[in-house]
Amino acid sequence: QVELLESGGGLVQAGGSLRLSCAASGRTFSFNAMGWFRQAPGKERKFVAAISRSGDITFYEDSVKGRFTISRDNAKNTVYLQIDSLKPEDTAVYYCAARRSEYFRGSYVYTKVNEYDYWGQGTQVTVSS
């Protein structure tokens, strides 16, 4: 079982930046591929960014490329999402997700909600224009 706790959300003006953090419990963090998703009011949860177990591969949804950066520190059991050049349309609850531990060789990222097994409670990001 993995518990995830997001932090770092808040209210910012358009053009500003935020750094979201997601702390994971347990001893298997380095075997969990991680992702960030977001959900705007009345909308479905959507993929934002993903990172492989070792951090050597990252992948982004097209609308956030060049503005969002996902990273991880396996020694600290933490994944980050640096968000720059924020836009009002980035307003949403941001969720951290972990895939179940995997031990095969190779690096993979996952982009679908149903490919992840553990979820945090979410952190609100609100961007004012």
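Note: hydrogens, waters and symmetry copies are ignored here, and every other heavy atom, side chains too, is used.
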Min side-chain heavy-atom separation Tyr116-Phe37 under 4.5 Å:
yes
Answer with yes or no whether the hydrophobic clustering places [X] together with [Y]; edges join I, L, V, M, F, W, Y residues whose side-chain heavy atoms lie under 4.5 Å apart.
X      : Y      : answer
Val125 : Leu5   : no
Tyr94  : Val127 : yes
Val79  : Ile57  : no
Val2   : Val109 : no

Just verifying a value: how many Å separate [X] [atom1] and [Y] [atom2], rounded to the nearest 0.5 Å?
X      : Y      : atom1 : atom2 : value
Thr78  : Phe29  : OG1   : CZ    : 6.5 Å
Thr123 : Trp36  : OG1   : CH2   : 7.5 Å
Ile51  : Tyr60  : CD1   : OH    : 7.0 Å
Lys46  : Lys112 : NZ    : NZ    : 14.5 Å
Met34  : Ser71  : CE    : OG    : 11.5 Å

Worksheet entry | Side-chain (Asn32) to main-chain (Arg99) donor-acceptor, under 3.5 angstrom | yes
Hits for side chain to side chain donor-acceptor pair (under 3.5 Å) against Lys65, two or more places apart or cross-chain, chain-then-number order -> Asp62
Across all chains, not counting sequence neighbours, the side chain to side chain donor-acceptor pair (under 3.5 Å) partners of Asp90 are Arg38, Arg67
request  = Compute both the distance and the angle, then confirm whether Arg53 meets the cation-pi test with Phe104: under 6.0 Å from the six-membered ring centre, within 45 degrees of the axis.
outcome  = yes
_Before you tell me yes or no, could you show the steps for Glu102 and Phe31 under side chain to side chain contact (heavy atoms under 4.5 Å, CB included), namely the whole-Å CA-CA distance, both residues' side-chain angles and the distance that decides it to 0.1 Å?_
CA-CA 5 Å; Glu102 293 174 321; Phe31 298 103; 5.9 Å; no
Can I get a per-line list of side-chain donor-acceptor pairs under 3.5 Å for residues 17-24, giving both atom names and the distance, sequence neighbours left out?
unit_1: Ser17; atom_1: OG; unit_2: Asp84; atom_2: OD1; d: 2.8

Practice prompt. Determine, step by step, whether Trp119 and Val113 satisfy the side chain to side chain contact (heavy atoms under 4.5 Å, CB included) criterion, reporting the C-alpha distance in whole Å, the side-chain angles of both residues, the deciding distance to 0.1 Å, and the verdict.
Written response: CA-CA 10 Å; Trp119 293 85; Val113 170; 3.7 Å; yes
